[in-house]
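Since the structure comes first, as structure tokens, the remarks are kept for the end.
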Amino acid sequence: MTLRLTNTLSRHLEDFRPLEPGKVSIYCCGVTVYDLCHLGHARSYIAWDVLRRYLIWRGYAVTFVQNYTDIDDKILNRAAEEGSSMQAVSERNIDAFVADMARLNILPADRMPRATQSLGAIRALIEVLEAKGAAYSADGDVYFAVMKHAGYGKLSGRDLSEQQDNAAGRVATEEEARKQHPFDFALWKGTKPGEPSWESPWGPGRPGWHIECSAMVREELGDTIDIHLGGADLVFPHHENEIAQSEAASGKELARYWLHNGMVNVGGQKMSKSLGNFTTIRALLDSGVSPMTLRLFTLQAHYRKPLDFTAEALEAAATGWKGLNAALSLTAAGCSTAITPAQGPSDPAALPPDLAAARSRFAAAMDDDLNTSAALAVLFELARPLRALANRLERGDGAAATEATDPALAARGQLLQELAAVLGLRPEATAAGTMSDAEIELQIEARRAAKAGRDFATADRIRDSLKAQGIELIDKPGGLTDWLRS
RNA sequence: GGCGGCAUGGCCAAGUGGUAAGGCAGAGGAUUGCAAAUCCUUUACCCCCAGUUCGAAUCUGGGUGCCGCCUCCA
């Protein structure tokens, strides 16, 4: 079986073959750290985290590099607004990014270069481009000459002569005058009063956005990498420009596979800062949506397709996750001593036939351009009996305790946990209430007394009040009541 | 105007030639003072038109609708 990925360069599904057998180098476009990350970022980085975990599971040694853009107009604007510095804004948002990603169980990149720490590499690359005649300087700025680069447009499939100049209406006219061609873009911007700047052969200034990624890839991973990742909105101009810069400088292909994730939409429109229709990751998580619910929500759709964010869909994911979590928690909590967490990839040959088949269906789904939706279906099927058992165990079913020692079930639990981990799904502790056990028992006793006196209004009031504090009551035959923190 | 993508049950969403995964919701049953939770069971011919084929959601052509990008963007 071969992993197949949709390569934006060809617009087709291609067999994935790394440059060096067994090794994969990946560069992922990171965030501009002017603000908190929203669900669009979450979706993107969850998708790429799954790609990375899957490659690792398949036995590849993966090197994953992701940048922080910490030199940018938006960061400067933010700093000006709050009377702080570009560095202060950046540092704060980098800390927030790290924390948000950790909550979502996204593996930290192996290396995370920052623009401010890559000035040497950036200047060196611009010098190469200038020496090769691919760049020109004008009034302290340096621009890349798109017409000098033969392949310009190959990623986004664009013919520059067909493009409407300034279709988005955002071009600064004074900058246009310095350019030889409207689509030329800045490699280096001459300093402006009051802005941070760095020394360079072209005078003090700061790097343009596109050049940092080219410089970082070159410095961290070399001229050609296996996979380059990013959001679909980066295809043009960012990735197109990255290709132009890197390939003009090295004469070699920048990346063999370009993968792009679809946007998160709200009411049919792209979630973005500029539209103001965004929900930040932490706002969502702080509102009580669990990280794994968000993960499941994003993985239910294919990574290339747009994903509509609605309260209903999120709620559906939350309920779905509850069931999966019950099965995973059974494994993790060791309710059965026979079930222990899996350590790395299982050996299909050692599995019972039904589990081996499930494992192979999972792998086939993932091999098919990371079809996480189909892969999740396998997880749900694996989870079904475990989830039923977990729920019976929680409710003190005596027979369930015996069933839980069944080795076949243990193997199933182990496989479930292994495959869930490939998707970055891990058991999640449910939110614990603040009441002590004794207090809860007291309330249950009061409710029992009320029920005995047929005062159901009081009984229901007690039940509702406990429910509001996250305590779920389960009435059982014989007038007994169990409770769970949910 | 150019480039790219999408259209599957009430909602989300797999499936790219052989007779529709999975999740949520709904329905029925078990259980309950009533619930909740849980368990079991259950629900679609795939935007429209034409064509290719023994056979199409799946291929071809033509429509319609929606989205992304065309120098802020994951």
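Below, read A as the first sequence line, B as the second, and so on, with proteins coming before strands; counting in each chain starts at 1.
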When we call it a touch if two heavy atoms are under 4.0 Å apart, what does [X] touch: a base, just sugar-phosphate, or nothing?
X	answer
A:R392	nothing
A:F236	sugar-phosphate
A:F456	base
A:E175	nothing
A:N371	sugar-phosphate
A:V378	nothing
A:G262	base
A:D368	sugar-phosphate
A:A232	nothing
A:E312	nothing
A:E315	nothing
A:H260	nothing
A:R447	base
A:K305	sugar-phosphate

When the [atom1] atoms of [M] and [N] are compared, how many Å lie between them, rounded to an integer?
N	M	atom1	value
B:G18	B:G4	C1'	32 Å
B:G29	B:G22	P	24 Å
B:U19	B:A35	P	43 Å
B:U53	B:C59	C1'	9 Å
B:G33	B:G10	C1'	33 Å
B:A50	B:C11	P	26 Å
B:G1	B:G63	P	14 Å
B:A36	B:U32	P	14 Å

How many Å lie between [atom1] on [X] and [atom2] on [N], as a whole number?
X	N	atom1	atom2	result
A:M366	B:G22	CE	P	19 Å
A:H302	B:G15	NE2	C1'	13 Å
A:L386	B:C39	CG	C1'	15 Å
A:D369	B:C6	CG	P	11 Å
A:Y68	B:A74	OH	C1'	14 Å
A:R43	B:G68	CZ	C1'	12 Å
A:L314	B:C24	CG	C1'	12 Å
A:R52	B:A74	CZ	P	19 Å

Look at A:D73 together with A:R206 and state whether they make a salt bridge at an N to O cut-off of under 4.0 Å.
-> yes
How are the rings of A:H228 and A:W258 set to each other: parallel, tilted or perpendicular (split at 30° and 60°)?
-> parallel
Any idea how A:H41 and A:H38 line up, ring-wise: parallel (<30°), tilted (30 to 60°), or perpendicular (>60°)?
-> tilted
Can a side chain N or O of A:R304 be found less than 4.0 Å away from OP1 or OP2 on B:G4?
-> no
Can a side chain N or O of A:N391 be found less than 4.0 Å away from OP1 or OP2 on B:C39?
-> yes
Which comes earlier along RNA chain B counting from the 5' end, the contact point of A:R11 or that of A:N261, where each point is its nearest nucleotide?
-> A:R11
Heavy-atom nearest nucleotide on RNA chain B taken for A:N241 and for A:A301; more 5' hit belongs to A:A301
Are the side chain of [X] and the backbone of [Y] linked by a donor-acceptor contact shorter than 3.5 Å?
X	Y	answer
A:R92	A:D35	no
A:N325	A:E428	yes
A:R282	A:L36	no
A:E247	A:L254	yes

Establish, yes or no, whether a centroid distance under 6.0 Å links the rings of [X] and [Y].
X	Y	result
A:Y143	A:F185	no
A:Y68	A:F97	yes
A:H239	A:H210	no

Kindly indicate, with the supporting measurements, whether the criterion side-chain hydrogen bond (donor to acceptor under 3.5 Å, both in side chains) is fulfilled by A:N67 and A:Y27.
-> CA-CA 8 Å; A:N67 71 305; A:Y27 182 87; 3.3 Å; yes
Assess whether one donor atom and one acceptor atom, taken from the side chain of A:T319 and the base of B:A25, lie less than 3.5 Å apart.
-> no
Can a donor-acceptor pair under 3.5 Å be found between the side-chain atoms of A:R463 and the base atoms of B:A36?
-> no
Relative to A:Y34, does A:R78 satisfy both conditions: NZ or CZ under 6.0 angstrom from the six-membered ring centre, and within 45 degrees of the ring's axis?
-> no
Let's test this: given Watson-Crick or G-U wobble pairing with both distances under 3.5 Å, identify the partner of [N].
N	answer
B:C47	B:G63
B:U31	none
B:G26	B:U42
B:A21	none
B:A36	none

Find every protein N or O atom lying less than 3.5 Å from an N or O atom of nucleotides 64-67 of chain B, and list the pairs.
| unit_1 | atom_1 | unit_2 | atom_2 | d |
| --- | --- | --- | --- | --- |
| B:C67 | O3' | A:G268 | O | 3.4 |

Could you check which of [options] has an atom nearest any side-chain atom of [X]?
X	options	value
A:A316	B:C70, B:G68, B:C24	B:C24
A:A388	B:G1, B:C39, B:A74	B:C39
A:S373	B:A14, B:G22, B:A74	B:A14
A:D233	B:A14, B:G22, B:C73	B:C73
A:Q163	B:C73, B:G22, B:C70	B:C70

A:H149 side chain reached by A:Q245 side chain, heavy atoms, under 4.5 Å | no
Which ones in residues 140-162 of chain A lie close to RNA chain B, meaning a heavy atom under 4.0 Å from one of its atoms?
-> A:S156, A:G157, A:R158, A:E162
Among residues two or more places apart or on two chains, list those pairs meeting side-chain hydrogen bond (donor to acceptor under 3.5 Å, both in side chains) that have a residue in residues 370-382 of chain A.
-> A:R361-A:E381
